[in-house]
Amino acid sequence: MAQQEDLDELARRRGFFWPSYEIYGGVGGLYDLGPNGTSVKNRIIQLWRDHFIRSSEYPMVEIETPMVTPYEVLEASGHVESFTDPLTICPKCHRVYRADQLAESQLGVKTEGMTIEQLNELYSKETVKCEACGTRLETVQSFNLLFQTWIGPFNSERAFLRPETAQGIFTAFKRTFETARRKLPLGVAQVGRVARNEISPRQSLIRMREFTIMEFEFFFDPEDANALPKKVADTEVRIKLSSGQLYVGTLGDALKKGYVANAWMAYFIHQTLGFMNALGFSTAEVLFLEKGEKERAHYSSQTFDVMVPTKGWGDIEVAGIAYRTDYDLRHHSQKSGEDLSVSVALPQPYARTVVRAKVDRAAIGKRFGERSKEVIDAINQLAASGMPQGRIVLNLSFGSVELDEGIVKFEEVSERVTTRKFYPHVVEPSFGADRLLYAVIDHSITEREGRKILSLPAALAPYDVAVFPLIDDESMKAKALSLVSMLKSSGFYVFYDDDGTIGRRYARVDEIGVPWAITVDDRSIKGEGVTIRDRDSWQQWRVADDQVLSVLGRLRSGEKLYQMDLPRER
RNA sequence: GCGGCCAUCGUCUAGCCUGGUCGAGGACGGCAGCCUUCCAAGCUGUUGACCCGGGUUCAAAUCCCGGUGGCCGCACCA
């Protein structure tokens with residue numbers, strides 16, 4: 001793949017990224033970002049924050065939680081189980097099988113919940129064969145993508161590095177929700193590093209063992225049917241359904257036809273498309289790919305991968321939009337014992353009649369002693385299922401018990417119901433910052449007269465503007481340097497260079513994607529302004545000294561040089 | 001994890017098969033200088049590499065073994 005190597009070569013040479021720990025031979029799946037790569041990535045993150053948090057029409061907050069995650073958190077989330085596959089590999093034909101499933105189908109034994117050791121024992125005692133070539137399979141190994149570690153000395157508490165930032169958001173939900181004054185919907189965002197111990201990391205920045213995720217969990221009331229804003233309903237998208245059908249049409253229609261699970265999913269598809277547009281991808285280049293049931297993560301009931309084309313690696317996934325339902329909050333509630341459900345006021349409170357048990361606790365205590373709690377629980381349970389008729393008989397762990405009339409009385413009570421309790425549902429858009437960095441660079445590389453140009457969107461360039469004296473001349477340098485400090489104090493990232501010839505300097509900044517270059521020439525010395533060059537067209541205009549700031553400001557907000565009615569230079 | 005191919009200055013590469021002539025050559029880049037008034041110009045100088053560890057040999061960039069890493073395929077994974 002020549003294109004891919006081209007990009008890697010440019011990335012190394014110009015300080016975007018390179019393999020980590022190179023002086024020790026490198027480690028697969030770990031990459032350093034160089035100065036330019038770091039700048040561009042930071043700007044991608046900045047743009048993401050602007051788009052999804054700062055400009056959000058709905059409440060959206062950002063938090064930060066640790067990478068180190070206790071064992072039980074990822075156990076509750078299902079990752080301990082779902083990220084570990086017991087695998088067996090045929091020594092002869094190298095086919096790989098899920099060891100538990102293969103044994104279950106061939107030996108008819110239940111393997112659910114078996115450890116790797118138990119499976120290994122099973123494989124050494126019984127004969128399990130490769131389904132393709134018949135070779136006996138003898139060993140089982142575990143592939144868990146979670147990076148394991150320990151908290152504290154003496155290996156006391158097992159822990160993992162998080163595979164997603166989402167679990168920190170779920171485990172902090174109660175406090176975050178409280179801070180947001182208990183209102184739904186609520187988006188909680190997090191940008192952070194995650195680690196996955198990939199079996200076989202490849203493809204440059206696309207599959208790494210440690211990377212940055214930008215994601216948010218958008219919590220909403222599943223019964224609060226929100227109407228799709230018109231601008232969202234009218235948005236044209238390309239969706240490839242899990243059935244294989246390609247749908248090209250509006251989000252409103254996709255929702256009506258049931259292609260998209262709910263209005264919030266549709267809304268965030270729209271928002272995601274807008275973000276991808278800002279990164280330079282046209283709507284026609286962005287494909288929302290629905291994942292089939294078996295391809296989805298364990299927590300998801302609908303997932304769209306966001307795919308963009310690259311020259312080096314074909315279509316790559318840069319984001320996922322998953323409908324996680326109430327899976328995570330529900331499981332964390334069960335596991336932790338903390339109630340993570342929320343209550344909302346009903347618009348129309350209503351009355352209902354319930355059965356209440358009035359218990360003579362003193363009598364219960366005398367008769368049942370330390371078993372009293374079980375008895376009382378059983379009585380309440382009985383009451384919950386309606387008014388008991390006839391004799392009161394309870395089936396308890398220590399036998400059947402009949403209660404006397406006097407010890408408990410049931411009565412119907414009218415009760416006002418003013419709230420509804422539920423686990424918020426969650427839509428999770430999750431972006432891979434490093435994959436986006438790769439995709440943006442790939443997308444931006446063009447060639448002109450044998451030179452490489454990185455046509456990054458201006459908002460993503462590592463520098464806003466370059467400043468050059470045309471030649472190595474003291475007065476030109478002095479003027480250029482004072483321009484540099486003026487621009488810096490006005491908030492621009494400025495690249496200054498007075499080395500070599502002007503053409504070489506233009507070529508250098510073209511390669512790192514600097515959108516504009518200001519050159520100080522002999523006319524500038526006479527007070528006749530400076531030239532400003534456009535990276536992509538190589539055209540130049542002359543700008544008066546006192547116009548430089550405003551021209552750059554207009555450029556930054558999206559205006560083009562040729563629209564500004566400036567004198568053309570060359 | 002498996003199989004095939006591969007690993008030399010920052011980058012691209014010559015050399016390896018047939019061990020010594022390699023104190024590892026070139027190009028581009030970088031740096032310093034000269035020259036230069038708008039697109040990698042020219043000249044001079046300079047910087048800088050045999051992936052790591054063993055072995056064979058008088059002698060290893062070169063042959064052998066192991067490791068690490070990369071690419072491709074299979075498999076796995078989101």
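Only this structure's heavy atoms are used, side chains among them; waters, hydrogens and symmetry mates stay out. To find a chain, count down the sequence lines: A is the first, B the second, and so on, and within it residues start at 1.
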Measuring only the [atom1] atom in each nucleotide, how far is [N] from [M]? A whole number of Å is fine.
{"N": "B:U62", "M": "B:A27", "atom1": "C1'", "value": "23 Å"}
{"N": "B:C31", "M": "B:G48", "atom1": "P", "value": "15 Å"}
{"N": "B:G23", "M": "B:G66", "atom1": "P", "value": "30 Å"}
{"N": "B:G4", "M": "B:C65", "atom1": "P", "value": "12 Å"}
{"N": "B:A7", "M": "B:C16", "atom1": "P", "value": "13 Å"}

Review point. Are any of A:Thr501's side-chain N or O atoms less than 4.0 Å away from OP1 or OP2 of B:A41?
Key: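 Indeed, a polar side-chain atom of A:Thr501 lies that close.
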
Quiz prompt | Side-chain N,O (A:Arg504) to OP1/OP2 (B:G30) below 4.0 Å | solution =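 The answer is yes; a side-chain N or O of A:Arg504 sits under 4.0 Å from OP1 or OP2.
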
What's the closest nucleotide to the [X] side chain, out of [options]?
{"X": "A:Asp499", "options": "B:C77, B:C31, B:U36", "value": "B:C31"}
{"X": "A:Glu9", "options": "B:C77, B:U36, B:C12", "value": "B:C12"}
{"X": "A:Lys291", "options": "B:U37, B:A78, B:C31", "value": "B:A78"}
{"X": "A:Tyr506", "options": "B:U37, B:C31, B:C39", "value": "B:C39"}
{"X": "A:Asp305", "options": "B:A78, B:A41, B:A40", "value": "B:A78"}
{"X": "A:Leu470", "options": "B:C31, B:U37, B:C39", "value": "B:U37"}
{"X": "A:Gln540", "options": "B:G30, B:C39, B:A40", "value": "B:C39"}
{"X": "A:Asp522", "options": "B:U37, B:C39, B:C72", "value": "B:U37"}
{"X": "A:Trp538", "options": "B:C72, B:C39, B:C38", "value": "B:C39"}

query: Checking all strands, does A:Arg14 fall into the base, sugar-phosphate, or nothing category for heavy-atom contacts under 4.0 angstrom?
result: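 If one applies the 4.0 Å heavy-atom cut-off, A:Arg14 turns out to touch a base.
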
Task: Criterion salt bridge (Lys or Arg N to Asp or Glu O under 4.0 Å) against A:Glu511, the qualifying member of A:Arg535, A:Lys452, A:Arg14 - done: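 For A:Glu511, the salt bridge (Lys or Arg N to Asp or Glu O under 4.0 Å) test succeeds with only one of A:Arg535, A:Lys452, A:Arg14, which is A:Arg14.
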
Is it the case that the base of B:C77 and the side chain of A:Arg207 share a donor-acceptor contact (distance under 3.5 Å, atom types as modelled)?
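Result: at least one qualifying N/O pair found.
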
Checklist line | First encountered from the 5' end of RNA chain B, between A:Ser204 and A:Asp521 | finding: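 This one resolves to A:Asp521.
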
| Is the closest side-chain donor-acceptor distance between A:Thr531 and A:Glu569 under 3.5 Å? |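 No, no side-chain donor-acceptor pair sits under 3.5 Å.
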
**Request:** Would you mind reading off the distance between A:Phe468 atom CZ and B:U37 atom C1', rounded to a whole angstrom?
**Result:**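 My rounded result for the distance is 16 Å.
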
| query | What residues form a salt bridge (Lys or Arg N to Asp or Glu O under 4.0 Å) with A:Glu75, not counting sequence neighbours? | reply |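 Partners of A:Glu75 by the salt bridge (Lys or Arg N to Asp or Glu O under 4.0 Å) criterion, ordered by chain and then number, come out as A:Lys335.
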
- Query: Ring centroid separation for A:Phe218 and A:Tyr267, is it under 6.0 angstrom?
  - Reply: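 Distance test on ring centres: not under 6.0 Å, no.
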
Exercise. Hey, which of A:Trp264, A:Phe170, A:Phe268 is the one that makes ring-ring contact (aromatic ring centres under 6.0 Å, His included) with A:Phe216?
Worked result: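 Output: one option passes, namely A:Phe268.
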
